[in-house]
Each structure stands twice: as structure tokens, then as C-alpha cells.
Protein chains: 2
Amino acid sequence: MAPLYKNLQTIFETVQRFVEINQKEWEAVLPYVEVQQLQKHDFLLKPGHICRKMFFLLSGYTRIYSQSPTGEVTRDINKPSTFLTALPSYISEKPSQEIIQCVTKVEVLIISKEHLEGLFYQFHNWERLGRLIIQEMYMDTQQRLYDFIHLTAEDRYRKLLKDHKDLMDHIPLGYIASFLGISPPSLSRIRKQLLNINTN
Amino acid sequence: MAPLYKNLQTIFETVQRFVEINQKEWEAVLPYVEVQQLQKHDFLLKPGHICRKMFFLLSGYTRIYSQSPTGEVTRDINKPSTFLTALPSYISEKPSQEIIQCVTKVEVLIISKEHLEGLFYQFHNWERLGRLIIQEMYMDTQQRLYDFIHLTAEDRYRKLLKDHKDLMDHIPLGYIASFLGISPPSLSRIRKQLLNINTN
DNA sequence: ATGCTTTTTTAACAAATGGTAAAGGAATTC
DNA sequence: GAATTCCTTTACCATTTGTTAAAAAAGCAT
């Protein structure tokens, strides 16, 4: 099996969860999809650059963060089989406040905004896929917001453990802490506390 | 000017910010749009019901909240000219955890899921509108999440004051506190503190 | 392996926020 | 417009989380 074909298999499965894409619609994308390998700490999007790409994470983990006066804020952590981009920059075509960085070795599919928007324009079905995917992303974010409002930091961590245990094996604690909205010492404390509970 | 026409004018202007909808596309919606007047404390969606509607808020304010063991959690506050629904229930067609309630007297446009999905199916352009609107909602939510991560409660309140001062005149402090992720006494303290700073 | 760098944990203290209950103020209803 | 209900403020203390700095641990490179 050729490597590109195998990679397309992954995205194919993800996409079919939302809509049925036919032969012709698939063939329309093929010429525009590029695979890229990156190393830990490489950037998918560097600070100040305009994001004109949509990514699909085949393997590895990335994070989206921005610089604030007090340090870095990790707003999102991405795992395999997810779409990602720095949407505000992608939409506005202005320099991005957000930075996309590989946390591990990474393989991504890349399609340019130009071609993606072309697909959306040309095929109703791709447009629909776009809607359904962002709709799901929206719901995830709403849920996370809800958790920020009414869960304690400890409960948010518990939930992360429960739903995304794999992150613990790949993502430094500092990023996870920021993602949860707390400082690294706080997360370390919480972690220790949970250990004691589980041990006794 | 007939009342329905005037109401459609409002949504027309909102929609045209995203896409150009032609005569035919508009006419396809008209038969399915209903206007409704509601009183303060009325429900657009009651607890446990399945949400099969999309709303467009013409006037007044609503909130989306859910019941938690510790009390109500106001996850969102909506102002005029916004679309709203309880998306998880709308998508899954399961009973909603989320409740949509009028905070003031309200006028809404209502379209059923059945008809809306029909429009999406029939008209590429309506589908696109759906994508663009939810995309914007997604960006708003991401920004709010970002604020939860790296701003203090006081800064979140300041920002709300700066960007949505109108809420202060229409929304009880308790709802705003919950929306900001803090307790009413905390918000009251913060408010007092800001008053002192501005006075001296 | 050894030394260097980065990450994580720990500790001590400071600050922010939560919970509760009571008092004060506003709004609503009859 | 008086009474009632609901909303907001205040005060108290408990708890959580932040900040800083140093120590321990882990990861990386030569």
C-alpha cells in the first residue's frame, strides 16, 4: 500500500463519520493534499505568520498556544485524527496570535486555504462536511467552557484523565496545566493528592 | 411595513454579513419561519425536552443554562441578532441538559430542525451560511476559553463591561457571575473594587 | 556513561475566590 | 402603596490556587 494512500485511509474514515463522500468528490481533493513529517518542537504555524492552511493530524500531538505578558497560554491540545488550524488568522488573513507547535514527532496532511475554499465552493458535500466538523468542534468547546465554569481544577483534571488518558503519556505537565487553566505547581499538587486517595 | 417583513429585515442584515442570499433562496425560507413573543422567564426550551428548533433572537435577552448538583450554571447569554439552539440536543435528538430561558421580554424567529436541515440539503448557499455562522460562534467560544485560562475573574468582568456593557442593564448579576465562572458575592466584591478605583 | 538542560515536585507564603448567612435594596404582585 | 418576594451586598472564615524559589527527577546530547 503506497504511503499516501494509507494516510488518506485515516482521513477517509474520519470523514465518513459525518458524510458520504463519493469517488468524484474524493478525486477532487487528491491533487491538493500534501503529507508532511515534522519533529518535536517544529512549528506548523509560526508566530506572526498568516495561516493559510488546514491540517489533519495523522499521528503525534500538537498544541495551539499564544504568548501573553505572563507567559505561554496553551489553549488547545490536538491528538491524531483531528482537523486543526488557527481559525482567526485563517478567516481574517491577518498575522496569527496563535502558534501551532508539534509536541511530539508529527505527521500531518495539509491542504491550502485556497484549495479548501475551492472545494467548499465547488462541492456542496464538502461544504457540508466543513459545517459538520466545525459544529462538533463547537460542541466540544462549549463543553469545555461549561467545565471551566462549574468544575474545580481537580475535577477538570480528573475528567481529562478519564477521557484523554493518552495525553499524559505524550504531553508535558506544563502544557496540560495551562490547558486546564492552572499553574504547574497546582497541577502537581492535585496529582499528588489523587495519588494518595487511590493508594489508601 | 408588515411586522413579519420588518422582522425578516433584521435577520436579512445579519445573514448578508456572511453570504449573499438571492431572491429564490429567501423565498424558500419564508413559509417556515414563525415569529413568537415571549415574556420574561418563559422557556424557549424546557428541561428534558428535545430541541428541534433553531432560534433567531429579534429582541430581548435569553440565557442557556443547566442544572448541576450545586445549582444553575449559566453557560451562555444571548443578545439580539444572534442565532441560538441547544446544539447537543438538536444534533443528537436526545433530551436536552440545557435549558433556554428568556431573561427579558423576547421576540424570536423560529424554524424547525426539519425545515432548516431541508434548506441545508436543498441549497448549497444556506449550508454555507450555516457553516460560516457556526464558525464565528466557535471563534467566540475559543476566545472565551482563552480568557478563562489566562485572565483573572476581575479581568474577565472588565472585558465583559467593555465589550457588552448592555448586558448590565438587562441581566441579573447572578447570571452574569455564573457566566463569568464566579459566585455572586465574588462578582459583587469585584464590582465594588472597580467602583473605588474609578472614583479615586 | 556523564554532564547539561529541561521538567516536575516541593515548600512556604500571599492572594483570590468560595460558601454561608444575614442585612439591605429593588422589583413585583396584589 | 404595602407586602412579599427576589436580588444584591456585606462580612466572616475556609479553601483553593498563585507565586516564587529551590530541590529532585527526568530527558537529551555528546
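By convention in this document, chain letters (A, B, ...) are assigned in the order of the sequence lines, proteins followed by strands, and residues within each chain are numbered from 1.
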Would [X] and [Y] count as having a side-chain donor-acceptor pair, cut-off 3.5 Å?
X	Y	result
A:Thr141	A:Arg144	no
A:Arg189	A:Ser186	yes
B:Tyr65	B:Ser178	no

Between which nucleotides of DNA chain D, 5' to 3', does chain B make heavy-atom contacts below 4.0 Å? D:dT8 to D:dC12

Keeping to residues at least two apart or across chains, list the ring pair (Phe, Tyr, Trp, His ring centres under 6.0 Å) pairs with something in residues 161-183 of chain B. B:Tyr61-B:His170

Only pairs at least two apart or in different chains count here, so list each ring pair (Phe, Tyr, Trp, His ring centres under 6.0 Å) that has a residue in residues 16-42 of chain B. B:Phe12-B:Trp26, B:Trp26-B:Trp126, B:Tyr32-B:His115

Tell me the bend of the helix from C:dA1-D:dT30 to C:dA23-D:dT8 as the angle between end helix axes, each from five pairs, rounded to the nearest 10 degrees.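 Axis-to-axis angle, ends of the helix: 50°.
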
One character per nucleotide, please: for nucleotides 11-24 of chain C, 5' to 3', B when the base has a protein heavy atom closer than 4.0 Å, S when only the sugar-phosphate does, - otherwise. -B----SB-B----

Can a side chain N or O of A:Arg191 be found less than 4.0 Å away from OP1 or OP2 on C:dT9?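 It does, given that an N or O in the side chain of A:Arg191 lies less than 4.0 Å from OP1 or OP2 of C:dT9.
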
Can you check the A:Lys40 NZ to C:dT6 P distance for me, whole Å? 12 Å

Using atom CD of A:Gln193 as one end and atom P of C:dT10 as the other, report the distance to the nearest whole Å.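 Those two atoms, CD and P, are 12 Å apart.
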
Please enumerate all residues that pass side-chain hydrogen bond (donor to acceptor under 3.5 Å, both in side chains) together with A:Glu27, with sequence neighbours excluded. A:Gln23

ring-ring contact (aromatic ring centres under 6.0 Å, His included) against A:Phe83, all qualifying residues, sequence neighbours excluded: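 ring-ring contact (aromatic ring centres under 6.0 Å, His included) check on A:Phe83 returns A:Phe56.
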
Going by chain and number, the hydrophobic cluster around B:Tyr121 (ILVMFWY, side chain to side chain under 4.5 Å) further includes none

Rest of the hydrophobic cluster containing B:Val106 (Ile/Leu/Val/Met/Phe/Trp/Tyr, side-chain heavy atoms under 4.5 Å)?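 Traced through the cluster, B:Val106 reaches B:Leu38, B:Leu44, B:Leu45, B:Phe55, B:Leu57, B:Ile64, B:Leu84, B:Ile100, B:Val108, B:Ile110.
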
Sorted by first residue and then second, give each side chain to side chain donor-acceptor pair (under 3.5 Å) pair with at least one member in residues 48-57 of chain A; sequence neighbours left out.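 Qualifying pairs: A:Arg52-A:Glu93.
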
Any side chain to side chain donor-acceptor pair (under 3.5 Å) pairs touching residues 82-92 of chain A, not counting sequence neighbours? A:Tyr90-A:Glu117

In this structure, are over 12 heavy atoms from other groups packed under 6.0 Å from B:Gln97 atom CD?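 It does not: B:Gln97 CD has 12 such atoms or fewer within range.
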
Go through residues 163-175 of chain B and report each residue with a non-hydrogen atom lying under 4.0 Å from DNA chain C, sorted by number.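 The stretch gives none, as no residue of it lies under 4.0 Å from the strand.
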
Decide yes or no on salt bridge (charged side-chain N to carboxylate O under 4.0 Å, His left out) for B:Glu13 and B:Arg17, but give the supporting numbers first. CA-CA 7 Å; B:Glu13 280 163 16; B:Arg17 277 179 28 226; over 6 Å; no

